[in-house]
Novice: 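If you scroll down you'll find the structure; I have some questions about it.
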Amino acid sequence: MYSEKVLDHFRSPRNVGEIEDADGVGTVGNPVCGDMMSIYIKVKDNSIEDIKFKTFGCGAAIATTSMTTELAKGKTLDEAMKITRGQVAEELDGLPPVKMHCSNLAADALHEAIKDYRKKIGEESK
Amino acid sequence: MDYGAARPVRSEVLAAMMPYFSESFGNPSSFHTKGFDAVKAMNLAREKVASLIGAEDSEIFFTSSATESNNLSLRGAAVRYRKKGKRIVISEIEHISVINISKELTRQGFEVESVPVDETGIIDLEALEELVNDDTVLVSIMAANGEIGTVQPIKEAAEIAHKNDAIFHTDATAAAGQIPLNSSTMNYDAMTLSSNDIYGPKGVGAIYLKKGLRLKPHIIGGGQEEGLRSGSENIPGIVGMGKAAELMIKDMKGEGGRLMKLRDRLIRETLESIPESYLNGHPRKRLPNNANIRFSYIEGEALILSLDQLGIHASSGSACVAKTLEPSHVLRALGLKHEEAHGSLVFTLGKDNNDDEVEYVVRNIPDVVKRLRAMSPLTPKELR
């Protein structure tokens, strides 16, 4: 049901953790639904210098957040905002249709983290 | 340890079935030796399935599955006896086939009431008394729940149904072969039986109907199974189910005790070694093979995937595992919140499980849970 890439990210997720003094935090989903993700970013020179995640959810939820952080690390904020839901799923060699909503959530969490940072520094949300 | 989902067919069962695929391929409706041989085989199988529940051969009919038996029991009884009443009473934790066929029957003018269960999953008999009135045509309460293992007070529930002249049906898919289900002692009128759940082949099931009870058939054709269920009989499957029943009768007592020991060890050591882990279902009134445990802060599908990588197979009531993406209605009926239902893990033990395997599982679960808790934003600091 899951691709090798999804299983790999599930077994060895990249960037698990929290950033205590994060510059931006994005949380989406909730435990009632069975999916909740938080992404923490550290921004330097308008780029994502460091990124971490925590996820409550299924294998796909964990894999998609992991992949999202891998795609976003080192990118500029604008580039990271352009990372789409579809792109995350594609990088994982696809997800079963019922699991597509997990990749949606992961990309959303990243965008929320960037929006959160921009709000904090007084910039308008793009 | 996911025997609740599927069981392997016993080798003796497979051996008993094989001739009926090739040399003895006859149709029981044929008037020659090949046909007569098929009839003999079918009758023998019927006798064995009947013995499993202390019934008479003439009270057993074969279907394609427990789901079909549930459909036939509910629809067949309600429609046939609709002049008696339009109310059907089921429990909140019935199998989805019972729940969905009941929903379907509301579209045909029936009224369905569900009796709640307590936090261990036992039906509220007082509530049942109130719900079963003289407009009730049928009551259906499962003998035991396959997800949480809780065994139901079937004898008392049947009494309540009969006081109001309602038919009492029980789905014994998860219970057969694990707990006593004698038809004269428990006094049910109809029962659903599964073949695969007693290590027989998939694609066959049975229904018990107390002598004198007639149902409106829904598969119409050449009149097989005394008109109840047409279609050329699945002789290999039926022979298999018969053989499985025969073996189950032999093994039942010893196996029940053996599974209970394994189950209790699995439950006890898991609950002891992992903080914020809880048993779902009743601690004692429980199927010998069922261990259903929930873990706070993590999700069931991720648990199953992690265990699968260690060669351990289990199931879960989490929404992520269900086709409907809804958490288990059984766990919700216990009063659990959504997130509690999502964190459940179900082990259903079987004849091939042993102490070493239980040891392996209890040794590995703590680290699996720790790893997922470390990743979860819900885990409180003390548990990281």
Novice: Tell me, for Leu325(B) versus chain A, whether the close heavy atoms (under 4.5 Å) come from the side chain, the backbone, both or neither.
Specialist: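 For Leu325(B), side-chain heavy atoms alone lie under 4.5 Å from chain A.
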Novice: Is any side-chain heavy atom of Lys99(A) closer than 4.5 Å to one of Cys320(B)?
Specialist: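 When only atoms from C-beta onward are counted, Lys99(A) and Cys320(B) do touch, with a gap below 4.5 Å.
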Novice: For Pro13(A) versus Arg371(B), what's the shortest heavy-atom pair and its separation?
Specialist: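 Looking at all heavy atoms of both residues, the shortest contact is CD-NH1, 3.7 Å.
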Novice: To the nearest 0.5 angstrom, please state how far the CD atom of Glu339(B) sits from the CE atom of Met36(A).
Specialist: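 Those atoms lie 10.5 Å apart.
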Novice: For Gly34(A), is there any backbone N or O sitting under 3.5 Å from a side-chain donor or acceptor partner on Glu299(B)?
Specialist: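 Pair absent, no side-chain N/O of Glu299(B) close to backbone of Gly34(A).
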Novice: Which one of Asp35(A), Val98(A), Asn30(A), Ile62(A) has the most heavy-atom pairs closer than 4.5 Å to chain B?
Specialist: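 Option with the greatest count: Ile62(A).
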Novice: With rounding to the nearest 0.5 angstrom, report the CG to OG distance, Leu378(B) to Ser38(A).
Specialist: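 So the CG of Leu378(B) and the OG of Ser38(A) are separated by 8.5 Å.
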Novice: Quick one: are Met375(B) and Phe56(A) in side-chain contact, heavy atoms under 4.5 Å?
Specialist: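 No, every pair of side-chain atoms sits at 4.5 Å or beyond.
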Novice: Taking the side chain as every heavy atom from C-beta outward, state whether Ser306(B) and Phe10(A) have any atom pair closer than 4.5 Å.
Specialist: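 Heavy-atom side-chain distance check passes, below 4.5 Å.
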Novice: Under 4.5 Å heavy-atom distance to chain B, tell me which part of Val16(A) shows up: side chain, backbone, both or neither.
Specialist: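 Just its side chain gets close to chain B.
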Novice: Name the region of Cys33(A), side chain, backbone, both or neither, that has any atom closer than 4.5 Å to a heavy atom of chain B.
Specialist: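 For Cys33(A), the backbone is the part near chain B, not the side chain.
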Novice: Kindly check if the number of other-residue, nucleotide or ligand heavy atoms within 6.0 Å of NZ (Lys42(A)) is above 12?
Specialist: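 Count over threshold, so yes.
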Novice: Can you tell which part of Ala341(B) gets under 4.5 Å to a heavy atom of chain A, answering side chain, backbone, both or neither?
Specialist: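 No part of it gets close to chain A.
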Novice: Heavy atoms, side chains only, cut-off 4.5 Å: are Gln309(B) and Leu7(A) in contact?
Specialist: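 When only atoms from C-beta onward are counted, Leu7(A) and Gln309(B) do touch, with a gap below 4.5 Å.
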Novice: Which residue is it: Met37(A), Lys54(A), Glu18(A)? I am looking for the one with a side chain to side chain contact (heavy atoms under 4.5 Å, CB included) to Pro377(B).
Specialist: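 It is Lys54(A), the one option of Met37(A), Lys54(A), Glu18(A) that forms the side chain to side chain contact (heavy atoms under 4.5 Å, CB included) with Pro377(B).
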